[in-house]
Protein chains: 2
Amino acid sequence: MDIAMLEALGRRITTLRQARELSLSALAVKAGVAKSNLSNLEQGRGNPTLDTLWRLAKQLKVPFGVLIATEVGMASSVIDNGMYITLLGQGSAAHPIDAYLMRVEAGASRLAEPHTCGSEEHIMVLKGEVEVGHHDATRQLGPGETTRFAADHVHIYRALDEDVAMLVTIIYPPVTQDHPA
Amino acid sequence: MDIAMLEALGRRITTLRQARELSLSALAVKAGVAKSNLSNLEQGRGNPTLDTLWRLAKQLKVPFGVLIATEVGMASSVIDNGMYITLLGQGSAAHPIDAYLMRVEAGASRLAEPHTCGSEEHIMVLKGEVEVGHHDATRQLGPGETTRFAADHVHIYRALDEDVAMLVTIIYPPVTQDHPA
DNA sequence: CGTCTTTGTTCTTTATATAGAACGCTCGTT
DNA sequence: AACGAGCGTTCTATATAAAGAACAAAGACG
């Protein structure tokens, strides 16, 4: 990994903690992690577990991405130049659905790789004009308009004159639950 | 933590991996993590290390925030017993649209007052079964299903057996606003 | 002054995440 | 068939993250 990143993470935790006026011990207790663990983390040693990070983020009341915000180029929700994506919510295991808020800057476009075979994508435009769909059959949508297409082929999003915001919902094929022995 | 979150993380990794057309083994090699580790992760077992997550995110070319479901950062407010709503985004002034993530606990229901005359409401269900619409003409929707109705009459949301999550988009009538100051 | 409390550090110990090998499985190929 | 190559799973072994106790240092308060 990158020790610089770990150090940055440590400093960030320290900063956030102090901003909340919590002592290291206090945060450790509230978050339910060992003092030693937290101490090491803040010093940039170690390699925290998702669980640990989760508890800390929860107590510090910051979104997860903020803890990991990075100079290494993996900013919290930028995926491309002019493209931002945020996970909003998801369905149950039996009905796997992911909902994202996607923003595209004016003029930007993005080619999306196919998702799982059989998945569909549903778009609802909030703001701006956007061209979406398979590259040979796109549709142009404005605010309030929706479309739906198979997501297991390459598809494109392109913002026209204006910044675009849209809800993107990916509907995966239902899980054929296998019965454990 | 939440094992549901781990399962979601697993699903997401699987999806992203398949979208890149990588086999589990291939991704494991490219990312530099053990196959067994990745396999367990995708099955929702375990509690990955920041290092592991980092390498995977890097190879999958996704931001961290996307890999990790971030309900923590989601400031939601309770509006009724069993009802939670979060504002996700809004359209422009010229095209006023509000998008919300609404969650309703199993069995709960809510009667919504009419909105601005001429406004429409669009529903996309993420999770659970819900009954929505005007009280004399409701529709029952499951995950991935959508409906749209005039929102300037009283309407109802009712979660059936299961907790419900849905995207609610309110589309106000276009503003015939000319010449802004 | 002493002696409590609270600070953050660094020990030791235990739990477990990861690595690596071995497994059964499904395909192509000969 | 038999074989090999790929797949994803599940073993075992090892490295290490996390927990808990002990630590020195710095106030707080009588």
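The shown structure was predicted, so the numbers you read here are calculated from the model rather than taken from an experiment. Scope of the values below: all heavy atoms of this structure, side chains included, with no hydrogens, waters or symmetry mates. In the text below, chain A, chain B and the rest are named by the order of the sequence lines, each starting its count at 1.
Across Ile97(A) and Val125(B), no two heavy atoms sit closer than the pair CD1-O, 3.8 Å.
Gln43(A) comes within 4.0 angstrom of the backbone, heavy atoms only, and of no base. The residue Ser39(A) sits close to a base: some heavy atom pair falls under 4.0 Å.
For the helix from dG8(C)-dC23(D) to dC23(C)-dG8(D), the angle separating the two terminal helix axes comes to 30°, with each axis derived from five pairs and the value rounded to 10°.
The closest side-chain heavy-atom distance from Thr169(A) to Met124(A) is not below 4.5 Å. Side-chain contact between Tyr100(B) and Ile170(B) is present, with heavy atoms from C-beta onward closer than 4.5 Å. A heavy-atom distance below 4.5 Å is not found between the side chains of Val164(B) and Tyr157(B). Contact annotation: the side chain of Glu120(A) never approaches that of Phe149(A) to less than 4.5 Å [non-hydrogen atoms, C-beta and beyond].
Atom CD in Glu21(B) sits roughly 17 Å away from atom P in dG6(D) (whole-Å rounding). Put simply, CD on Glu42(B) is 13 Å from P on dT10(D), counting in whole angstrom units. A straight line from CG of Leu22(A) to P of dT6(C) spans 15 Å, rounded to a whole angstrom. In this structure, the CG atom of Leu38(A) is 15 Å from the C1' atom of dG20(D), given to the nearest Å. Spacing between atom CZ of Arg45(A) and atom P of dA17(D) amounts to 12 Å, rounded to whole angstrom units.
A donor-acceptor contact shorter than 3.5 Å is absent between the side chain of Arg148(A) and the backbone of His122(A). Without hydrogens or angle criteria, Glu21(A) side chain to Gln18(A) main chain gives no donor-acceptor distance under 3.5 Å.
Legend: residues meeting side chain to side chain contact (heavy atoms under 4.5 Å, CB included) with Arg45(A), ordered by chain and number and at least two apart, are Asn40(A), Gln43(A). Annotation: side chain to side chain contact (heavy atoms under 4.5 Å, CB included) contacts of Ala106(B) (sequence neighbours excluded): Asp163(B). Under the rule for a side chain to side chain contact (heavy atoms under 4.5 Å, CB included), the partners of Ser25(B) that lie at least two apart in sequence or sit in another chain are Ser23(B), Lys35(B). Under the rule for a side chain to side chain contact (heavy atoms under 4.5 Å, CB included), the partners of Leu160(B) that lie at least two apart in sequence or sit in another chain are Glu129(B), Glu131(B), Gln140(B), Arg158(B). Residues satisfying the salt bridge (Lys or Arg N to Asp or Glu O under 4.0 Å) test with Arg139(A), not counting sequence neighbours, are none. Listed by chain and residue number, Glu42(A) satisfy the side-chain hydrogen bond (donor to acceptor under 3.5 Å, both in side chains) test with Thr14(A) (two or more places apart in sequence, or in another chain).
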Below 3.5 Å between N/O atoms, which protein atoms pair up with nucleotides 24-27 of chain D? Just atom names and distances, please.
none

Check nucleotides 15-19 of chain C for protein N or O atoms closer than 3.5 Å to its own N or O atoms and list the pairs.
unit_1: dA17(C); atom_1: O3'; unit_2: Thr49(B); atom_2: OG1; d: 3.2
unit_1: dT18(C); atom_1: OP1; unit_2: Thr49(B); atom_2: N; d: 2.6
unit_1: dT18(C); atom_1: OP1; unit_2: Thr49(B); atom_2: OG1; d: 3.2
unit_1: dT18(C); atom_1: OP1; unit_2: Thr52(B); atom_2: OG1; d: 2.6
unit_1: dT18(C); atom_1: OP2; unit_2: Asn37(B); atom_2: OD1; d: 3.0
unit_1: dT18(C); atom_1: O5'; unit_2: Asn37(B); atom_2: ND2; d: 3.1
unit_1: dA19(C); atom_1: OP2; unit_2: Ala34(B); atom_2: N; d: 2.6
unit_1: dA19(C); atom_1: OP2; unit_2: Asn37(B); atom_2: ND2; d: 3.4
unit_1: dA19(C); atom_1: N7; unit_2: Ser36(B); atom_2: OG; d: 3.1

Could you pull out the protein-nucleic contacts involving nucleotides 25-28 of chain C (nitrogen or oxygen on both sides, under 3.5 Å)?
none

